[in-house]
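Order of the sequence lines sets the chain letters (A, B, ...), proteins ahead of strands, with each chain counted from 1.
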Amino acid sequence: KAGVTQTPRYLIKTRGQQVTLSCSPISGHRSVSWYQQTPGQGLQFLFEYFSETQRNKGNFPGRFSGRQFSNSRSEMNVSTLELGDSALYLCASSLVPWTASSYEQYFGPGTRLTVT
Amino acid sequence: GQQVMQIPQYQHVQEGEDFTTYCNSSTTLSNIQWYKQRPGGHPVFLIQLVKSGEVKKQKRLTFQFGEAKKNSSLHITATQTTDVGTYFCAASSGGSYIPTFGRGTSLIVHP
């Protein structure tokens, strides 16, 4: 079974531009979560989608948005990029909701975004 | 907002020694998850704990959730060089999945 895939793997953007990152979950997984990882702030939760609905959102400005499609693929968008948005953006998928005792979450390799 | 303190930040051990990392919160947690991340890699989910006093084992790894659901620990028995990496905890409270991550403990195993 293929793992979580993220595209692109690397991206360089200029301050003020916008960017869209894509995540394809493991087949059959309906929950997709996004995270930001930086050396300064560590790992931070962005948002979680389940069946095309955003269920939870972390403490990030409105410039960060996302969506999930009917095939469970997800995209996240960052508008008006700032230098501080440079980070590794990770996507993770799970088969069952986090409330399930059998919950497991699988991460993709991430997209490394550099804002110059 | 909720904070999760994870200690120690770094831990050097000789291969074969035990290792423990701790996560502490001032608020009662709904659940806590543990992850491992190798250098240059992505986080790998290890386990989720949800019940007060819960103890789970995975081979040489033992995970505990405190009775008050405010702290958790990950213990590795007889470390191996393959255990090298950063171990993170992530905790949610209030019934929503909005995890707050600890800063991680980097484990260095000397052969």
Does atom [atom1] ([X]) have a neighbourhood of more than 12 heavy atoms from anything else shown, all under 6.0 Å?
| X | atom1 | answer |
| --- | --- | --- |
| B:Ile108 | CD1 | yes |
| B:Phe45 | CZ | yes |
| A:Arg15 | CZ | no |
| A:Gln41 | CD | no |

Do [X] and [Y] sit in one hydrophobic cluster, given that two such residues count as connected whenever their side-chain heavy atoms are within less than 4.5 Å of each other, even indirectly?
| X | Y | answer |
| --- | --- | --- |
| B:Phe101 | A:Phe47 | no |
| A:Leu11 | A:Val115 | yes |
| B:Leu107 | B:Val84 | yes |
| A:Trp34 | B:Ile98 | no |
| A:Val19 | A:Leu90 | no |

Would you say [X] and [Y] make side-chain contact, with heavy atoms under 4.5 Å?
| X | Y | result |
| --- | --- | --- |
| B:Tyr97 | A:Phe50 | no |
| B:Gln33 | A:Tyr103 | yes |
| A:Tyr106 | B:His42 | no |

Nearest-0.5 Å distance that lies between atom CG in B:Leu46 and atom CD in A:Glu104: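 That separation rounds to 10.0 Å.
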Within this structure, what is the CD-CG distance for the pair B:Gln37 and A:Leu43, rounded to the nearest 0.5 Å?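 Interatomic distance, B:Gln37 CD to A:Leu43 CG, rounded to 0.5 Å: 6.0 Å.
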For the aromatic rings, using the six-membered ring if either is Trp, is the centroid distance between A:Phe107 and B:Tyr35 under 6.0 Å? yes
Proximal component of A:Gln37, with respect to chain B [non-hydrogen, under 4.5 Å]: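 Contact with chain B is through the side chain of A:Gln37 alone.
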Are there residues of residues 66-87 of chain A whose heavy atoms fall under 4.5 Å of chain B's heavy atoms? If so, which? none
